[in-house]
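Letters A, B, ... mirror the listed sequences (proteins, then strands); counts begin at 1.
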Amino acid sequence: MRIATWNVNSLRTRIDRVEALLDRHEIDVLALQETKAREDQLPLMGLQSRGYEIAAAGTNQWNGVAIISRVGLEDVEVGFPGQPGYAKDAADPAEPESRAIGATCGGVRLWSLYVPNGRKPDDPHYVYKLEWYAALREAARAWVGAESVLVGDWNVCPTDDDVFDVTQFKNSTHVTPAERAAFFAFAEDGWVDTVKPYDPGYTYWDYYRQRFERNRGLRIDFLLGSPSLAARVTGAFVDRDERDPAQGTGAPSDHAPVVVDLG
DNA sequence: ATGGTCGGCACCCGA
């Protein structure tokens, strides 16, 4: 079985690229982030004609996630237990908890995750990000004993090797000790980075300043497997060609898809 | 310290 994750930066804008990706790599299960589409806006025809089902949640802003599967899509769950929302102010209710969707596909429990960006280390969104990480870790303890995988845009560079130049991130999120600790806490619970042994390369390049052409990227998209799922991994790769502005039609997403094979 | 480029219920704001 072949699973993949991709921060697509608008599913409607890039539906042709999604379909081409599924075809090109014969992907069985694809997790998407930043779909920027409500359920009533999903482009379904080309997916259904290829034999895929889709489950999605979110708004048309940044927090949309989805799972596309041709090996079954069961027990769909929007949001994980205890997932915090973000309240813009005391009077407003927390925003909809739509940055995580889970499903069982081909016997594997998969979560498509978009970890909150955090904006700036002194921003309330940064505190929210750390709370979100802690709540996810707690919820994930219930899944680590089964064949499970946590995939998506984690919005963190775990080590300095995962940033093209860490000195440019002095007052930025993604590299702070607290974010890195929040990410590495998953390893303490048994979660395994399934991609790094096969491809430790960047997965994101900013649209500005020809960052892709100069290979000045970040590694922030991960597939963390439970021990029993990690034992099945036979290979993995980052599809850099999908990020190449010189290939394909129209602007690419700023993230590359990440693919993992299970034996 | 800026600015550069994307996307969307858009002419700004968040990534």
Atom C1', compared across B:dT2 and B:dG7: separation rounded to whole Å: 22 Å
Specify the separation, in whole Å, of atom CZ of A:R214 and atom C1' of B:dT5. 14 Å
A:Q210 atom CD is separated from B:dC6 atom P, nearest whole Å, by 11 Å
Evaluate the ring planes of A:W143 and A:W111, with Trp represented by its six-membered ring, and classify them as parallel (under 30°), tilted (30 to 60°) or perpendicular (over 60°). parallel
Pairwise C1' distance, B:dA10 and B:dA15 [rounded to whole Å]: 15 Å
Before accepting this row, confirm whether a basic side-chain N of the pair A:D239/A:R24 lies closer than 4.0 Å to the acidic partner's carboxylate O. yes
Indicate whether OP1 or OP2 belonging to B:dC6 is found under 4.0 Å from a side-chain N or O atom of A:T13. no
Pull out every residue in residues 166-179 of chain A that has a heavy atom closer than 4.0 Å to any atom of DNA chain B, ordered by number, or say none. none
Please report, rounded to the nearest Å, how far the P atom of B:dC6 is from the CG atom of A:D206. 10 Å
If the threshold is 4.0 Å, N to carboxylate O, is there a salt bridge linking A:E147 and A:R232? yes
Can you give me the N/O atom pairs linking the protein to nucleotides 13-15 of chain B at distances under 3.5 Å, or say none if there are none?
unit_1	atom_1	unit_2	atom_2	d
B:dA15	OP2	A:R119	NE	3.1
B:dA15	O3'	A:Y114	OH	3.4
B:dA15	N6	A:Y208	OH	2.7
B:dA15	N1	A:Y208	OH	2.9

Please identify each residue that fulfils salt bridge (Lys or Arg N to Asp or Glu O under 4.0 Å) with A:D206, with sequence neighbours left out. none
Name all residues meeting the ring pair (Phe, Tyr, Trp, His ring centres under 6.0 Å) criterion together with A:H174; count only those two or more places apart in sequence or in a different chain, and write none if there are none. none
Under 3.5 Å, is there a donor-acceptor pair between the A:S112 and A:Q33 side chains? yes
By ring pair (Phe, Tyr, Trp, His ring centres under 6.0 Å), which residues pair with A:W62, not counting sequence neighbours? none
Let me spell it out: for each of A:R211 and A:S10, pick the nucleotide of DNA chain B with the closest heavy atom. Which residue's pick is nearer the 5' end? A:R211
Looking at every strand, decide which applies to A:R38 at a 4.0 Å heavy-atom threshold: base, sugar-phosphate, or nothing. base
For A:N63 and B:dG8, give me the distance from atom CG to atom P, rounded to whole Å. 14 Å
Is a salt bridge present between A:D28 and A:R2, judged by a nitrogen-to-oxygen distance below 4.0 Å? no
Going by ring pair (Phe, Tyr, Trp, His ring centres under 6.0 Å), name the residues that satisfy it together with A:Y126, two or more places apart in sequence or in a different chain. none
